[in-house]
Amino acid sequence: MVLKTIQLNRKSGLDSRAINQLVQVTSQFESDIYLTYNGHKVNCKSIMGVLSLAIPNNAEISIETSGSDDREAMQKLIETIETLK
């Protein structure tokens, strides 16, 4: 299991377009991937789950990956979040 906390620096927070990109990336991995914000933890492979978090700009989020490709999944997910448009 890999756990990392990062700060989201995206003017519009995690909007539906950004969430769609995240879900596409996370769906490529076998590992379980969870996103936690404000005490709520959701499956990062679920568009509705991530949307329900309503993550704003400058939010501190935690990412948890566990499974056979958890380190690779974490690295790719962080890269994706840092480059979201």
Side-chain angles (χ1 to χ4, degrees):
M1 180 178 83
V2 181
L3 180 64
K4 187 153 190 153
T5 301
I6 63 170
Q7 180 134 4
L8 179 66
N9 292 315
R10 187 165 188 272
K11 191 162 132 183
S12 61
L14 275 186
D15 59 16
S16 59
R17 191 171 51 100
I19 291 170
N20 189 44
Q21 287 179 300
L22 286 180
V23 170
Q24 286 180 358
V25 169
T26 57
S27 295
Q28 298 172 10
F29 297 96
E30 290 183 28
S31 291
D32 293 325
I33 303 172
Y34 295 96
L35 192 61
T36 303
Y37 171 67
N38 206 21
H40 300 284
K41 181 177 177 177
V42 299
N43 186 331
C44 201
K45 295 180 183 181
S46 166
I47 290 174
M48 293 307 291
V50 180
L51 269 172
S52 73
L53 295 177
I55 301 172
N57 184 30
N58 294 322
E60 190 171 272
I61 58 175
S62 295
I63 304 166
E64 177 185 329
T65 59
S66 62
S68 61
D69 54 2
D70 57 0
R71 292 188 189 283
E72 182 184 351
M74 178 65 76
Q75 180 180 355
K76 185 65 175 176
L77 189 55
I78 289 174
E79 286 173 11
T80 301
I81 289 171
E82 290 175 348
T83 60
L84 283 172
K85 297 182 178 171

I'd like to know if the side chain of T26 and the backbone of C44 have a donor-acceptor N/O pair within less than 3.5 Å.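 Present.
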Within the side chain of N57, is there an N or O that forms a donor-acceptor pair under 3.5 Å with the backbone of G13?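 It does not hold such a pair.
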Kindly indicate, with the supporting measurements, whether the criterion side-chain contact (heavy atoms from CB on, under 4.5 Å) is fulfilled by T36 and I61. CA-CA 6 Å; T36 303; I61 58 175; over 6 Å; no
Looking only at non-hydrogen atoms, find the nearest pair between [X] and [Y] and report the distance.
X: L53; Y: Y37; value: O-CD2, 3.6 Å
X: P56; Y: L8; value: O-CD2, 3.7 Å
X: S52; Y: V42; value: OG-CG1, 4.1 Å
X: V2; Y: M74; value: O-CE, 3.5 Å
X: I33; Y: A73; value: CD1-CB, 3.9 Å
X: S31; Y: S68; value: OG-N, 3.7 Å

Evaluate the side-chain proximity of [Y] to [X]: yes if any heavy-atom separation is below 4.5 Å, no if none is.
X: Y34; Y: N43; result: yes
X: Q24; Y: T80; result: no
X: L35; Y: I55; result: yes

[atom1]/[X] to [atom2]/[Y] distance, rounded to the nearest 0.5 angstrom?
X: T83; Y: R10; atom1: OG1; atom2: CZ; value: 10.0 Å
X: T65; Y: I78; atom1: OG1; atom2: CD1; value: 8.5 Å
X: S27; Y: I47; atom1: OG; atom2: CD1; value: 8.0 Å
X: N20; Y: L51; atom1: CG; atom2: CG; value: 9.5 Å

Does I6 share a hydrophobic cluster with M1, counting links as ILVMFWY side-chain heavy atoms below 4.5 Å and allowing steps through other members?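 In one cluster with I6: M1, no.
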Inter- and intrachain pairs under salt bridge (charged side-chain N to carboxylate O under 4.0 Å, His left out), touching [range], at least two apart:
range: residues 20-31; result: none
range: residues 60-75; result: K41-E64
range: residues 74-84; result: none

